[in-house]
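Heads up: numbering here begins at 1 and tracks the sequence.
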Amino acid sequence: MPIKKENIMKRIIFTLVALLAMVTSSFAADSISLGARYGVTVGQTGHYTEIFGDLHLNRLVSIGATAGYMMIEKDNKRIFKRDESLPIVALFKVYAPTPLIKPYAGLGQAVIFHDKRGTKGSVVGLAGLNLPIGPLFINGEYRRQFDDKLDFMAAGIGISF
C-alpha cells in the first residue's frame, strides 16, 4: 500500500513544529543569576562563604563562577591548625527541566589560594537546588573538592535577571 504524499508532508510539518517548540522553550531563559552562600564542611570543623554568578545559556545549561573564603580547623591530639584559603571556581551546570524547583548537577575546576601552602587546583563536583520566589531564589548546594577530599553543604539567596 503506497504512502500518500499528503500524509508524509503533514508528518514532516508536525515534526518540525514540535522540534521548533522544544528548541524555542529551551532558549527562552537567557538570564544572569547572582547571589551569596554560607556553608560548612562535612566531617570536619570548618566553614566557607562565597559569592556566585551564573550565565544561563538556556533553561537547561549555565556556566558560572564562585569566589569565596574558606576556613578549616584541624585538631589532632597535639596540634591545633587553621587552614584558610580563597577558592575561585569555574563551573558548568545542567538543570533538570522541572516547573517549580530547579535541581542541577555540575562539574568545575577550582584554583585554591592557601595562606600557608601556596596555590593548588582541584576538580569540583556539585549538586544543588534553586527554589524560585519571583526574581529571588533560595539555593542549596552540596560540593565535593576531589583533590582535597573535602565535602561542603551550603545555602544562600540569589537574584535572577
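- Follow the hydrophobic side-chain contacts under 4.5 Å out from I88 and you reach M71 in the same cluster.
- No continuous path of hydrophobic side-chain contacts links V61 to L107 [ILVMFWY only; heavy atoms under 4.5 Å].
- Under a hydrophobic clustering in which Ile, Leu, Val, Met, Phe, Trp and Tyr are joined whenever their side-chain heavy atoms come within less than 4.5 Å, directly or via other members, Y142 and V40 fall into different clusters.
- The shortest distance between side-chain heavy atoms of T66 and R37 falls below 4.5 Å.
- The two residues L100 and P132 make their nearest non-hydrogen contact at O-CD, 3.2 Å.
- Considering only heavy atoms from C-beta on, L60 comes within 4.5 Å of P97 through its side chain.
- For the pair F152/E141, no side-chain contact is recorded, criterion being any heavy-atom separation below 4.5 Å from C-beta on.
- Between D115 and D83, the closest side-chain pair of non-hydrogen atoms falls below 4.5 Å.
- Between K120 and D147 there is no salt bridge, since none of the side-chain N atoms of the basic residue sits less than 4.0 Å from a carboxylate O of the acidic one.
- Interatomic distance, L150 CG to I112 CD1, rounded to the nearest 0.5 Å: 7.5 Å.
- With rounding to the nearest 0.5 angstrom, the CG atom of N130 is 7.0 Å from the NZ atom of K93.
- Note that the OG1 atom of T41 and the CZ atom of R143 stand 13.5 Å from one another [nearest 0.5 Å].
- Under the 4.5 Å side-chain contact rule for hydrophobic residues, L55 and V94 share a cluster.
- The aromatic rings of Y95 and Y104 lie tilted to each other, with the angle between the two planes from 30° to 60°.
- Put simply, CE on M70 and CD on E50 are 10.0 Å apart, with the number rounded to the nearest 0.5 Å.
- Scanning all heavy atoms of the two residues, the minimum distance from G53 to L34 falls at CA-CD2, 3.8 Å.
- No donor-acceptor distance shorter than 3.5 angstrom exists from the side chain of K149 to the backbone of Q145, with no hydrogens or angles considered.
- The closest side-chain heavy-atom distance from L86 to Y69 is below 4.5 Å.
- Residues meeting the side chain to side chain contact (heavy atoms under 4.5 Å, CB included) test with Q109, sequence neighbours left out: V123.
- Under the ring-ring contact (aromatic ring centres under 6.0 Å, His included) criterion, F52 pairs with no residue at all, not counting sequence neighbours.
- Between F146 and G125, the shortest heavy-atom distance links the atoms CE1-N, 3.5 Å.
- Taking OG of S33 as the start and CZ of F161 as the end, the distance is 8.0 Å to the nearest 0.5 Å.
- Expressed to the nearest 0.5 Å, how far CG of L57 lies from OG of S62 amounts to 7.0 Å.
- Atom CG of L129 has more than 12 neighbouring heavy atoms from other residues, nucleotides or ligands inside a 6.0 Å radius.
- No continuous path of hydrophobic side-chain contacts links L131 to Y38 [ILVMFWY only; heavy atoms under 4.5 Å].
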